[in-house]
Amino acid sequence: MSKLDLELSETEMHHLAEMCAMVLSMLGQTMPESRDSRAEAWQRLCVALLKAARGVPSIGRHMELNPDCGYWFFKRSYIDHAFFSDVLEDYRDQAFWAELVSRCAEQSLVENFGDEAVSLMSDEERAQRVSSLEKALWNEVTQHGMERLLFMLPAEES
């Protein structure tokens, strides 16, 4: 494998280190026990880049050898205020609401028309109806959050 030299400014290295921390955090949450060679390759690369970033004094002072993961990572005090943490939090929030709205719309379609009727709908018709419900639900959660959504449990689960 050929080697490549890359010149980065201190600021660019800092950004790259945070990007690596974000990737490692995401892989740790989404693929904690992954045997996927691509995930393992990303992890090895990110760990190597963080180790290199540690050599930059302005970055290294915010890092420590993390005993939980066994490689150099940012300290908790840094993570709490880091840009990559904000990005991850915004992503998690967006993903949560998107999934909630999507599942509620699909469930609502089944509740209103029944499993059999929904299964007889064309993919286009089902997508159009779900899309319409998603728009209404997005409007609701955007304006009011969860406060006006109602979840009803079957009698045997109440």
task: List the steps and the verdict of side-chain hydrogen bond (donor to acceptor under 3.5 Å, both in side chains) for E64 and Y78.
output: CA-CA 11 Å; E64 63 187 358; Y78 180 84; over 6 Å; no

task: Please lay out, stage by stage, how S122 and E125 fare under the test side chain to side chain contact (heavy atoms under 4.5 Å, CB included).
output: CA-CA 5 Å; S122 69; E125 181 183 6; 3.4 Å; yes

- request: Begin from the C-alpha positions of Q94 and D90 and carry the test side chain to side chain contact (heavy atoms under 4.5 Å, CB included) through to its verdict.
  value: CA-CA 6 Å; Q94 178 65 26; D90 288 349; over 6 Å; no

- request: Carefully, step by step, assess S85 and H81 under the rule side chain to side chain contact (heavy atoms under 4.5 Å, CB included).
  value: CA-CA 7 Å; S85 293; H81 304 288; over 6 Å; no

field: Criterion side chain to side chain contact (heavy atoms under 4.5 Å, CB included) on M121 and F113, from CA distance to verdict
entry: CA-CA 10 Å; M121 290 179 187; F113 293 96; 3.9 Å; yes

- request: Report the C-alpha distance between N112 and S108 in whole Å, list the side-chain angles of each, state the deciding distance to 0.1 Å, and finish with yes or no for side-chain hydrogen bond (donor to acceptor under 3.5 Å, both in side chains).
  value: CA-CA 6 Å; N112 286 315; S108 182; 3.2 Å; yes

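Summarising the local packing, CH2 of W138 is surrounded by more than 12 heavy atoms from other residues, nucleotides or ligands at distances under 6.0 Å. Atom CD of E116 has 12 or fewer neighbouring heavy atoms from other residues, nucleotides or ligands inside a 6.0 Å radius.
By the side-chain contact (heavy atoms from CB on, under 4.5 Å) test, L49 is found to be paired with L16, C20, L45, residues two or more places apart in sequence or in another chain being considered.
Side-chain atoms of N66 and W72, non-hydrogen and from C-beta on, never get closer than 4.5 Å to each other. Looking at M63 and K75, their side chains never come closer than 4.5 Å, going by heavy atoms from C-beta outward. When side chains are defined from C-beta on, V47 counts as touching Q43, because their heavy atoms get closer than 4.5 Å.
When all heavy atoms are compared, the tightest approach of A39 to M31 is CB-SD, 3.9 Å. In plain terms, the two heavy atoms of A21 and F84 that are nearest each other are CB-CZ, 3.6 Å. Minimum heavy-atom separation, G55 to P57: O-CD, 3.4 Å.
Cluster annotation: Y71 and V56 are assigned to the same hydrophobic cluster (Ile/Leu/Val/Met/Phe/Trp/Tyr, side-chain heavy-atom contacts under 4.5 Å, transitive). Hydrophobic cluster membership is shared by M13 and M22, with clusters built from Ile, Leu, Val, Met, Phe, Trp and Tyr side chains linked at under 4.5 angstrom. Residues L137 and L100 are members of one and the same hydrophobic cluster, defined by side-chain heavy-atom contacts under 4.5 angstrom among Ile, Leu, Val, Met, Phe, Trp and Tyr. No chain of hydrophobic side-chain contacts below 4.5 Å, direct or via other Ile, Leu, Val, Met, Phe, Trp or Tyr residues, connects L88 to V23. Cluster annotation: M26 and L24 are assigned to the same hydrophobic cluster (Ile/Leu/Val/Met/Phe/Trp/Tyr, side-chain heavy-atom contacts under 4.5 Å, transitive).
For the atom pair CD (E140) and CG (L133), the distance works out to 13.0 Å, reported to the nearest 0.5 Å. One distance of note links OG of S58 with NE2 of H14; it measures 7.0 Å at 0.5 Å rounding. If you take CZ on F73 and CG on L65, they are separated by 12.5 Å, rounding to the nearest 0.5 Å. How far CD of E12 is from CG of L6: 8.5 Å, rounded to the nearest 0.5 Å. To the nearest 0.5 Å, atoms CG (L109) and OG (S132) are separated by 10.0 Å. Distance CG/D36 to CD/E40: 7.5 Å, rounded to 0.5 Å.
Using a cutoff of 4.0 Å between basic side-chain nitrogens and carboxylate oxygens, R103 and E106 are not scored as salt-bridged.
For the residue pair Q128 and E124, no side-chain donor N or O sits within less than 3.5 Å of a side-chain acceptor on the partner.
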